[in-house]
Each structure stands twice: as structure tokens, then as C-alpha cells.
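Sequential numbering from 1 along the given sequence is applied to the chain's residues. Only a predicted model underlies this, so the values are computations on that prediction, with no experimental measurement involved.
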Amino acid sequence: MAHSTRETERKYEPPADGITWLPELAGVGPVAELADQGVQNLDAVYYDTEDLRLARSRASLRRRTGGTDAGWHLKLPLPGDSREEIQAPLSSEEVPEELRDLTLSRTRGAPLRPVIRIRSTRSLHHLLGAEGEVLAELSVDDVTAEALLDDGGRATWKEMEVELAEHGDAALLDTVEKALREHGVDRAQSPSKVGRGLRETTTLLNGTTDTRDDVPPGSAGDHVLAYVDRLAGALRDLDPAVRRELPDSVHQMRTTARRLRGCLRSYRSVLDREATAPVRRDLKWLANELGVERDHEVLRERLTTGVSELPGELLLGPVEARLRTWDAARRTEARRRTLDTLASPRYLNLLDNLQALRDAPPLRTKAAGDPRKVLGKALLKEYERLAARMEPALDMTPGPQRNTAIHDARKAAKRLRYAAEAARPALGKPAARLGRRAKAVQQVSGAQHDSVVTCGVLRDLAVSAHAAGEPGFTWGLLYGQERASARSRERRLPEAWARVRVAARPKKLRG
């Protein structure tokens, strides 16, 4: 069974002028003592695809023996100096299935194989606080890297590593680094052994050709591609979190897929619509499949909160038990559907197509144009699409048809919001303002939609309770609350919409 830890560390190069490699750190900040922990011999074989897809996405997978944490280690990047390390026990030389699944969004189904062997002789020290507590580990490594790919070579080097102890204060790294620099010890250029080893023993990570020489810096295409790159990377990085059922991960991945699809749709003047159509279709499919689990999460939270906030005397019948039964049946099915989606050939094909889109974007002529004009015009078109849906919806009388119309307008508001996000670096405050106000419309109409959907579920629960001879009072009470909430959101929608209309003035957006 794999388990996860967070590691925060920095690597350093030996001093070039012969100054002491391991300076005295006692008295530096909270460090009271530098305690020698002896020498360890570490032997790690790193696995990757033939074209190093893990390394290119700043991830690594190794099987290591020696030291205190021998086993399989999958390292995934986090912001700053941190990485998440997912560990599994030593087994055969076959990659554990659980870790293999967690690499799929990066490997895209390509087989994993040994690519480099790294052996280290490590002198380990603990940085101790005044009470003898371990603040961080400092290791000095003699490293030998041997490529296991065809035509690979061999490399050796020395490095120092400072890793925070669990729950350590990140400020300690800055304090220690300042002391190290005073002794001629500087940060290493490569943040990982495997990255440095592959660069020094192979040519696969060196001399990467820029396939976007025809995209002028600061152009409309440059801005759109930067947004696509960020979201495609986020989609890839969220995959392991969704597989492990981490909080809010399904919601984030679904929203990322929608943002990507919205960007490709809104900026068809920049990226060829025929070339991006298959990607847009598959992103819509992915968002819909993830939506089954996400929608259930939202409903479960609303219903659980609604029941928990009622006084005990208003809970008539086995309300909580029926709610748990409803939740269990649907949660299991929703989770299975999510995992089936991430294991499907269509999903892996989507990841392949997204990577191809990033590597060789299908640019149109306007990609080289002034971003204020090109992106501003696209934003105005999205606003016009929203207006064509919102205005009729607001004129309708309350009821099912109006609910559907508001929901359709909400989708258009999301597309406008996402298009504004992509345009914000180029258009500045006008795009940011429009995005915020479109988000407000989305949130108000979204809350209205959630109440409408919840009303339908409450009615079904009431019918089931009645058929079982249980009181329906509590379900009816909750239904009334949700219906009142939906009406309240509808009354707020015209004001939110009026603010969008002001922010979408053509002169502001076109520059």
C-alpha cells in the first residue's frame, strides 16, 4: 500500500575555490548542533519512458535500496522547493501497479523501463534545535550516474542537499542557504539527481528545439498558448490526485477541462477550429464524466448540511439513515465511473492530442496579431453570446423553462469568464473586471441551478420515504428551503448581469 509524504529540499554545488565543503552551522538561526549520522550507500534505478516523459514533466520514479527509506518512490512536483513523494514497499523490478497508474497522465500509456542508475555514498547529518529536535537533514553525496539507455554514458559529481524535517519551517532553508553562500556553497543548477544524471549521460534532455519560433513574443498566439500550456499541465498534474481521491481534486480537474475547452472555442481566430475540434469534443466528454462524481459531491454536501442545520424536533423519521443509503449507492457508482474514465483509451488519446497541440499548435494568421485587438474581439463575441441567452431568460416567468434558460446562460457566462482569464495578461484591468463580473453571474446562476437540482433529489427522497411508510415532513421542509433559495438567486441575477454589461463596453476591451 503506497503512502505519501511531502519533501522540501534544496541542492548545492561544492565550492569552486576549496573552501570547507561542510561549514559549521551550529548557531545559524535556530540550529544548535550539527549531528553526524554516519554514511549510507544508496543505489537507485530510475524508470521512465523511452523519450523521458516523466523527466520532461519534472517527475521521477525510482526503485532504491539502502538508507532508511528503501522502496519505490514516485516524486511529483509541487510549487517552490517541494515535491510530493509517494512510496511503495520494495517488490520485484516490476513497477507497482498503483504507482504505474499514477504516472499515466505523464507517460500517456508508453511503457516504463529503466533509464538510469544512480549510486550515492551519503554522509548524513542532522540539524538539531535547542531541544534536540531534528530541524532538517543535511547530506553530502558522492554521486555516480550510469545511463541505461542506448548510447548513454557515465557521470560523477558531488552535491549537498538540505531537506526540511516533517513540519519544518521553510524559512530555515533561507537561513541555512545564506550561511552556505558565505562559505562559497551555491545552489545546484539541477534540482534533482535524475535530471542532472540524464543531462550528463544522454542527449535526450539537451538541445530541445523550440517549435514556436513563428509565434512572436507578446502576440495574440503567444498569450493563448501560454494559457493552454498552463491548463494542460494542470490537467496532467491533477490526474494522480483524482485517482487517489484527494479533496476537491475532481472539481479542479473538471473545471480545468472546461477552461481548456472554453479557451479553444473562444480563440478559434488564433487556433484552427478544425484541428482543435477533436480535443474540444474529448474535453467536453471528460468534464461530463467527471461531473457525475462532482455533482454528487455538491448534492451530498447540500443535503447533509441542510439536515444537520435542522433542529432535532424537525427530523421526523429515519432521515439521516435514508440520506446515508442514498449517498453510499451513488458515491460508489460515481467513483467507479471516474476511474473508468481515467483508464480509458479515449482519455489517453486526449492527453496525446493535447501534447501534440502544445508541441505543434495549429496557428492561424491572427495568432501573430495585436493581442488587444484579437483577444478583445473574441471577448466581445463571447459577451454577445451570453447576452443572447441571458436577456431572454430574464424576461421569462419563473418555472422549468426559465430554469433551463438560466442554466444555458450560466454556461455562456463561464465561457466568457475563462476567455477573460486568458486575455487578462494582454488586456489588463478591463479583462480582469469583465472576468470577475462574469464569475459573479456564473455563481448566482450556479447557486440557483444547484437549488433546482436539489429540489428534484429531495422530491425523489420524499417519494421513496412515503413508499416505505416514513414521514415526508422533513424532506418537504428542505424542499421548501431550496425552492426559496432558488427564487432568491433569481432575484439577484438582473443586478449581476447589469454589471457585466457595463464591463463589456467595446472601447475598453479593444483598446
Side-chain angles (χ1 to χ4, degrees), residues 6-23 25 28 42 44-49 51-62 64 73-85 106 115-125 127 136-149 151-164 170-210 212 229-230 233 237:
R6 181 189 181 102
E7 65 172 25
T8 302
E9 65 183 25
R10 294 179 184 176
K11 295 187 184 295
Y12 298 89
E13 300 276 5
D17 54 7
I19 298 177
T20 303
W21 173 228
L22 186 60
L25 295 175
V28 173
L42 310 176
V45 174
Y46 286 80
Y47 287 68
D48 206 331
T49 63
D51 55 355
L52 305 182
R53 295 180 182 183
L54 293 183
R56 294 179 192 280
S57 63
R58 301 188 302 119
S60 66
L61 174 64
R62 73 186 179 200
R64 189 167 81 178
H73 305 154
L74 172 62
K75 296 191 177 187
L76 301 174
L78 293 172
D81 298 310
S82 297
R83 291 180 293 180
E84 182 178 19
E85 183 175 295
R106 288 175 159 82
V115 295
I116 193 169
R117 182 182 185 186
I118 297 181
R119 286 169 285 182
S120 304
T121 300
R122 168 168 292 181
S123 299
L124 184 64
H125 304 77
L127 302 182
E137 287 188 349
L138 185 152
S139 58
V140 178
D141 295 346
D142 288 298
V143 184
T144 300
E146 179 184 358
L148 304 178
L149 296 166
D151 301 323
R154 190 172 180 272
T156 61
W157 68 89
K158 285 180 176 288
E159 69 177 34
M160 178 188 289
E161 176 179 302
V162 181
E163 180 178 346
L164 283 182
L172 176 64
L173 291 179
D174 293 331
T175 302
V176 171
E177 179 164 308
K178 182 179 179 181
L180 291 175
R181 294 187 67 178
E182 289 174 353
H183 287 79
V185 180
D186 292 323
R187 290 281 288 270
Q189 292 185 354
S190 177
S192 70
K193 284 184 175 66
V194 64
R196 178 170 180 171
L198 289 169
R199 284 183 172 85
E200 294 195 10
T201 63
T202 75
T203 60
L204 292 177
L205 291 182
N206 300 319
T208 303
T209 302
D210 188 353
R212 298 185 181 176
D229 275 345
R230 179 167 67 82
D237 293 347

Value rounded to 0.5 Å, distance of CD1 in Ile118 from CZ in Arg62: 9.0 Å

For the student: nearest non-hydrogen atoms of Val115 and Tyr47, plus distance: CG2-C, 4.3 Å

Glu177 vs Val185 side-chain heavy atoms within contact, under 4.5 Å: no

Leu42 side chain reached by Asp141 side chain, heavy atoms, under 4.5 Å: no

Main-chain N/O of Arg199 paired to Thr202 side chain as donor or acceptor, under 3.5 Å: no

Heavy-atom check, side chain of Thr175 versus side chain of Val28, under 4.5 Å: yes

Atom pair CD (Glu7) and CD (Glu163), whose distance is rounded to the nearest 0.5 Å: 5.0 Å

Residue pair Ile116 / Gly197: nearest heavy atoms and the distance that separates them: CD1-C, 3.5 Å

Any side-chain heavy-atom pair of Lys158 and Val140 under 4.5 Å: no

Derivation and outcome, salt bridge (charged side-chain N to carboxylate O under 4.0 Å, His left out), residues Glu146 and Arg154: CA-CA 5 Å; Glu146 179 184 358; Arg154 190 172 180 272; 5.6 Å; no

Asp186 and Arg181, any side-chain heavy atoms less than 4.5 Å apart: yes

Heavy-atom closest contact (Leu25 atom, Ala179 atom, distance): CD2-CB, 4.0 Å

Leu76 CG to Glu85 CD distance, which is reported to the nearest 0.5 Å: 10.0 Å

Shortest non-hydrogen contact between Leu78 and Arg83, atoms and distance: CD1-C, 3.6 Å

Salt bridge flag under 4.0 Å for residues Asp142 and Arg119: no

Atom pair CG (Asp81) and CD (Glu9), whose distance is rounded to the nearest 0.5 Å: 8.5 Å

Interatomic spacing from OH in Tyr46 to NE2 in His73 - rounded to 0.5 Å: 9.5 Å

Side-chain donor/acceptor of Arg56 to backbone N/O of Asp51, under 3.5 Å: yes

Non-hydrogen side-chain atoms of Leu204 and Leu198 separated by less than 4.5 Å: no

Name of the residue among Lys11, Arg10, Arg187 meeting salt bridge (charged side-chain N to carboxylate O under 4.0 Å, His left out) with Glu161: Lys11

Taking every non-hydrogen atom, the tightest pair across Ser120 and Val143: OG-CG2, 4.0 Å

Shortest non-hydrogen contact between Glu13 and Gln189, atoms and distance: OE2-N, 3.9 Å

Main-chain N/O of Arg53 paired to Asp48 side chain as donor or acceptor, under 3.5 Å: yes

CH2 on Trp157 to NZ on Lys193, rounded to 0.5 Å: 8.0 Å

